[in-house]
Amino acid sequence: MKFDLKADFPLSGSAVSIKKEIDEFFSDYDKNVLNRGPSQKRAKITWSLCGEDLYKLHIVSGSNNRAHNHLPRIKKAWNIKIGKKYHVSGGKGTKIEKYKIEFELEKESLKEITIPFAEVKLKGKQATIILKDVTEEFLRRNYIDRMINLVREKVENQYYEGKGEFWKPIWQSPEKKPMWSKDPTEEMIKLGWIKQGPTKGKWFYRPQAVAILKAMEEIAIKEVLKPLGFQEIIASHVVPFDIWLKTGHLEGMPGEFYYVAEPVTRDVEKWQRFIDLMKITKDVSFDELNKNLSTPQAGICYAQCPVIYWSFKGKTIAEKSLPVLVYDNTANSCRYESGGRHGIERVDEFHRIEPIYIGTREQLLDIRGKLLERYQHVFNDILDIEWRMAWVTPWYMKQAGKIGDTIKQDTGTIDFEAYMPYRGSRRDSEWLEFQNLSILGDKYIKAFNIKAQKSELWSGCSGIGLERWASAFLAQKGLDPNKWPPRFKKHLKELPEGIEFL
Ligand code: ATP
Ligand code: ZN
Ligand code: MG
């Protein structure tokens, strides 16, 4: 690594009469601060006076002694040695004219990349970033290290692009003969059980469909969560950005959120023109609306776990409360699925139960085992569906570069997938992920600074998508309750009559 920095170091007065002392000051800094210790720690400074009151500095350093870290130190030393004595302070408004950073990549870059604030040049394994006209504030904020990491991450990701998700089968149920091969969404629309919602990817569920979703909910709670001791909590649907910044969701999928904008004010006066325009035009004036809306600082729930982790932020959990087993069954999840939307399977607004667990590694491996057992009981004995489980790599592990076989099976995500007969053959069609189960190590524990009295904590969560459970079940079992498995019918004795339309 090589850091090559050219900076303007302004003085508050003329340097001409004290040039000798200043030269001494810089050579002293060069000799006693920069040029000390092992070779990889050494750096070099050169300086030249430009006019009367500006020094041009040039600092070149290796990885362990970053050039930019010296600017505040030089300023401090200057003001002790020169400033006080000769009444010429230095370094106020220091400007970085050019900063060139060269570093080695783990793998050769496959194509050009760009990052904000700097020009990036890649040649084989060699990366160079060049910054121009940077303020001291910028350097203080640790942006440089993050920019270097971003370049590394982008090059690393070039090797995974288009490779598809990591997917490793774990278990598969026996084949089960489907009752039909129709798309349940289409058929439920025809029967009037559901209706396409007022906006994209949303649905209006009528009593028959609600009864099915409620049966799924009851099964999840009574057959999985309650027997394992999970307690219900209620999380907020509105997630402020600082929470998603901590979990990484905001950098992971900014294009999938539904953003929430607060009004600037509730002062009726300020809204008057908006109201008047509406009264006349019977339409919404978006120009007028925009004046009264603030920029979003939050989004609608994407998954419940971030807010649940936030609720433990900075807390020390008593040993006797471990493992913490809680679930949210209230917050709807919204995701902008765009071109991927399909039926009630891939929607922009869905109903999900999310259990989360916090405890020691052993406790979490134990709870995973128990959850898997209960889930198997539900899908084999109650829903009686054809399904399978596979290890997959979620984006946040990908980000960390822990991909492929290097994934430790203590942590990671298991996807549960169901065969969807209407999509084609078992072999060639895409199965539907209807839920997942993760152990995420200490990622979120660290992010929210959650502690125990003595134990090292890990956490994990599982997303039970009610629309997905229902889709998987109905795609295999059809819409005729007489053909549904008897143990499922214990949770849904009969379908409500619904509403007849003329
Ligand atoms: P997919 O790969 O299908 O988009 P995902 O990996 O984005 O799913 P997760 O973030 O892991 O999904 O969410 C966990 C669970 O939430 C899924 O297993 C599923 O049950 C449910 N879910 C996610 N997205 C949707 C959606 N658009 N519509 C309905 N349910 C969903
Ligand atoms: Zn989660
Ligand atoms: Mg998704």
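Each ligand, and each atom within it, is numbered from 1 in the order the structure gives.
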Asks: Indicate the atoms forming the closest heavy-atom contact of R346 with E337, along with that distance.
Replies: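 Minimum heavy-atom contact is NH1-OE1, 3.3 Å.
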Asks: Charged N to carboxylate O under 4.0 angstrom, E108 versus K125?
Replies: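 A salt bridge is absent here (no side-chain N lies under 4.0 Å from a carboxylate O).
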Asks: Under 4.0 Å between a Lys/Arg side-chain N and an Asp/Glu carboxylate O for E373 and K370?
Replies: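 A salt bridge is absent here (no side-chain N lies under 4.0 Å from a carboxylate O).
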Asks: Tell me the angle that SG of C305 and SG of C461 form around the Zn ion (ligand 2), rounded to 10°.
Replies: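 SG of C305, the Zn ion (ligand 2) and SG of C461 span an angle of about 120°.
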Asks: With heavy-atom distances below 4.0 Å as the criterion, list the atoms of ligand 1 near G465.
Replies: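 Heavy-atom distances to G465 below 4.0 Å select 20 (O).
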Asks: Please state which protein non-hydrogen atom is closest to atom 21 (C) of ligand 1 and give its distance, to 0.1 Å?
Replies: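 Here the closest protein heavy atom is F350 CE1, 3.8 Å.
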Asks: Report the part of E345 (side chain from C-beta onward, or backbone N, CA, C, O) that has a heavy atom under 4.0 Å from ligand 1; answer both or neither where that applies.
Replies: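 It is the backbone that gets close, since no side chain atom is under 4.0 Å.
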Asks: Ion pair present between E223 and R374, side-chain N to carboxylate O less than 4.0 angstrom?
Replies: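 R374 and E223: salt-bridged.
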Asks: Return the residue, atom name and 0.1 Å-rounded distance of the protein heavy atom closest to atom 27 (N) of ligand 1.
Replies: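 I find the closest protein heavy atom is E337 OE2, 2.7 Å.
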Asks: Quick one: report the N, O or S atom of E354 that is nearest to the Zn ion (ligand 2).
Replies: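 Checking each N, O and S atom of E354, the shortest distance to the Zn ion (ligand 2) belongs to OE2.
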Asks: Of all the non-hydrogen atoms in the protein, which one sits nearest to atom 3 (O) of ligand 1, and at what distance?
Replies: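 Result for atom 3 (O) of ligand 1: R346 NH2, 2.8 Å.
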Asks: Report the nearest protein non-hydrogen atom to atom 18 (O) of ligand 1: residue, atom name, distance rounded to 0.1 Å.
Replies: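 Result for atom 18 (O) of ligand 1: E433 OE2, 2.7 Å.
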Asks: To the nearest 0.5 angstrom, please state how far the OH atom of Y327 sits from the CG atom of L225.
Replies: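 That separation rounds to 6.0 Å.
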Asks: Any heavy atom of E467 sitting closer than 4.0 Å to ligand 1?
Replies: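 Heavy atoms of E467 never come under 4.0 Å of ligand 1.
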Asks: To check your reading of the model: name the closest protein heavy atom to atom 23 (C) of ligand 1, its residue, and the distance in Å.
Replies: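 Among all protein heavy atoms, the one nearest atom 23 (C) of ligand 1 is R335 NH1, 3.3 Å.
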Asks: Students should be able to answer this: which protein heavy-atom is nearest to atom 11 (O) of ligand 1, and at what distance?
Replies: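 It is N436 ND2, 2.5 Å.
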Asks: Nearest 0.5 Å, please: how far is CZ in R487 from CG in L383?
Replies: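 Answer for the CG-CZ pair, L383 versus R487, is 11.0 Å.
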Asks: Measure the distance from atom 15 (C) of ligand 1 to every protein heavy atom, then report the residue, atom name and distance (to 0.1 Å) of the closest one.
Replies: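 Result for atom 15 (C) of ligand 1: R352 NH1, 3.4 Å.
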Asks: Charged N to carboxylate O under 4.0 angstrom, K190 versus E186?
Replies: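 Here K190 does not pair with E186 in a salt bridge, since their nearest N and O are not under 4.0 Å apart.
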Asks: Check this for me, if you would: do R426 and E386 make a salt bridge, where the nitrogen-to-carboxylate-oxygen distance has to be below 4.0 angstrom?
Replies: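 Answer for the salt bridge query: yes.
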Asks: Could you see which bit of F434 sits under 4.0 Å from ligand 1, with heavy atoms only: side chain, backbone, both or neither?
Replies: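 The backbone, only.
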Asks: To check you understand the geometry: which heavy-atom pair defines the closest contact between S338 and D348, and what is its length?
Replies: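 Closest approach of S338 to D348, heavy atoms only: N-OD1, 4.3 Å.
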Asks: Taking 4.0 angstrom as the limit and counting only heavy atoms of V347, give me the atoms of ligand 1 inside it, by number and element.
Replies: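 By the 4.0 Å cutoff, the relevant atoms are 26 (C), 27 (N), 28 (N), 29 (C).
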